[in-house]
There are 2 protein chains.
Amino acid sequence: MRIVVLAGGIGGARFLRGLKAAAPDADITVIGNTGDDIHLFGLKVCPDLDTVMYTLGGGINEEQGWGRTDETFRVKEELAAYGVGPEWFGLGDRDFATHIVRTQMMGAGYPLSAVTEALCDRWQPGVRLLPMTDDRVETHVAIEEDGEKKAVHFQEYWVRLRASVPAQAVVPVGAEQAKPAPGVLEAIGAADVILFPPSNPVVSVGTILAIPGIREAIAEAGAPVVGLSPIVGDAPVRGMADKVLAAVGVESTAAAVAAHYGAGLLDGWLVDTVDADKTAEVEAAGIRCRAVPLMMTDIEATAAMAREALTLAEEVRA
Amino acid sequence: MRIVVLAGGIGGARFLRGLKAAAPDADITVIGNTGDDIHLFGLKVCPDLDTVMYTLGGGINEEQGWGRTDETFRVKEELAAYGVGPEWFGLGDRDFATHIVRTQMMGAGYPLSAVTEALCDRWQPGVRLLPMTDDRVETHVAIEEDGEKKAVHFQEYWVRLRASVPAQAVVPVGAEQAKPAPGVLEAIGAADVILFPPSNPVVSVGTILAIPGIREAIAEAGAPVVGLSPIVGDAPVRGMADKVLAAVGVESTAAAVAAHYGAGLLDGWLVDTVDADKTAEVEAAGIRCRAVPLMMTDIEATAAMAREALTLAEEVRA
């Protein structure tokens, strides 16, 4: 079974771990968000790709969900001693090595997709991890801070500001001119199932869908497309998805997110059991909907979610 | 008193520490060798400049003479886990930060001289540290290894091979096209004294002198030029200077090194007391010569050497 998954960071990575447990023999291709990539200290940092790679490769800091386990911060402390920031982005020493290798390879002319493949040679994530694009895309967020309207990099909004001010707009700068990375459209076209994990629908999955050709390929794919709601009981399961949903005029409800993706894209949608009352609304919009437990408390619970998604896909297909 | 010092790495840095103790009120400009600069992991590494900066700024690993004190190697271990080398070059985590800052600034368009000044803002070495040039110069060494003739970067010869094979030639690639960095010729022209510390006469001081304009400026400067022999009792005090001296056809003796610099450049030369029998030979070549203790065993011994050099300079001037 060929499964394609559109993934952001922590939510996508954890879902993928459950999916691998649920479908150990599946051929899984992950299309990773790169809109949150950022250049820090002259290095190319790809937080979402790395979170997927570290999580599936056994190198993740389990507690925080991103970054490396058993991490130290000597390089960052020294950079701060030079007065070089930002200090709000927590790059550890082990993590730095990944960005150094990536930057060196890109400087030598390799596209991000080739670099990601090389990094995965070490991590053996058990999936094929593709960046959504080899082109530079940066998600910017329009905000008002200290009375001044400005646009900040998504990481600055998310990490420095912790989404503490309203997002007035979310713009994947460069997306319109970007092309899907090699293999992305082919994987979508050949998929038996396409899954949207409970990742952020705006800045993770939404950014991937903003790359011209990807949304169309998914809509036209013969495979069922099933998503899992990142909103449970009208609030994000984790993170601050509600802040960026507001920016695109979408309510923080499981049903509203399904409608945001739309029946043209989604064939099936899983909501949490606490949102069972919303299945009718989703189905009325033309999307098959089931209410099942959606809390990724551990791998077994997550694997059960993945099994439910695959079951719903089979149901849609039939 | 304005003193200009041509410095390589460890020998130059330790001498400078003694000079600062001997002449605390002097205005010292250091022209640093950059021929041993190397690009590692996509980062610009300047071993000699950093050794001077760390030594005078209190951040050096005293025992090994290069690199940072209290160092860890997390980044390097991770790079090795990615299969990315070289492993023979010992970059520590704290040291990495210096190279990251430097590379980021150079990527932003700053010349090495401006970057060095910025790094020294933190270290406050108490001297003005100038790279010999802002242009790329790389010292290559022609060798024969496993029956194959080839040229390797100086660091590869020095660190990986530990000068274990004969150097057939030493070539400062790019030197002929390089220009002295801003301030270098001005400092030489305005100097009251010019000193050659007991640095490597071929790959350290020799490389600096290979930048068109520097040798001429020193030869024409009104200031006395005094050097200290890096060879004591026909062997290098430290390092493997004899290996590269052979490549340029110079014997490993205190007198031969003085003759290699020549009376056109040197006004005075200090040899160690064990080489007192060579003073006549040096003087016969037109270079004022004194035999004094030249072992940099501690700061006080080194300061005494610096005082002897300044005294000889006064003698030459008079």
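Since we're looking at a predicted model, the values are computed, not measured. Numbers restart at 1 for each chain; the letters A, B, ... are given by sequence-line order, proteins then strands.
Of the residues considered (H39(A), K76(A), Q104(A)), Q104(A) shows the highest number of contacts with chain B, using heavy-atom pairs under 4.5 Å.
Note: E78(B) CD to H99(A) NE2 = 11.0 Å, rounded to the nearest 0.5 Å. The distance from the CZ atom of F41(B) to the CZ atom of F96(A) is 15.0 Å, given to the nearest 0.5 Å. The OG1 atom of T103(B) sits 8.5 Å away from atom CG of L43(A), with the distance rounded to the nearest 0.5 Å. Taking OH from Y82(A) and OG1 from T98(B), the interatomic distance works out to 2.5 Å, rounded to the nearest 0.5 Å.
A salt bridge is defined here as a Lys NZ or Arg NE, NH1 or NH2 lying under 4.0 Å from an Asp or Glu carboxylate O, and R94(A) with E77(B) fails to meet this definition.
Heavy atoms only, all atoms of each residue included: A97(B) and L79(A) are closest at O-CD2, 3.7 Å. Taking all atoms of both residues into account, the shortest heavy-atom contact from D93(A) to V75(B) is O-CG2, 3.3 Å.
More than 12 heavy atoms of other residues, nucleotides or ligands sit less than 6.0 Å from atom CZ of R160(B). Other residues, nucleotides and ligands contribute only 12 or fewer heavy atoms inside 6.0 Å of the CD atom of E117(B).
The parts of T72(B) that come within reach of chain A are both its backbone and its side chain, each placing non-hydrogen atoms under 4.5 angstrom from that chain. Only the side chain of V84(A) comes within contact range of chain B, with at least one heavy atom under 4.5 Å from a heavy atom of that chain.
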Should R74(B) and D70(A) be marked as a salt bridge (Lys or Arg N to Asp or Glu O under 4.0 Å) after you check the CA-CA gap, both sets of side-chain angles, and the distance that decides it?
CA-CA 11 Å; R74(B) 306 293 300 270; D70(A) 184 26; 3.7 Å; yes
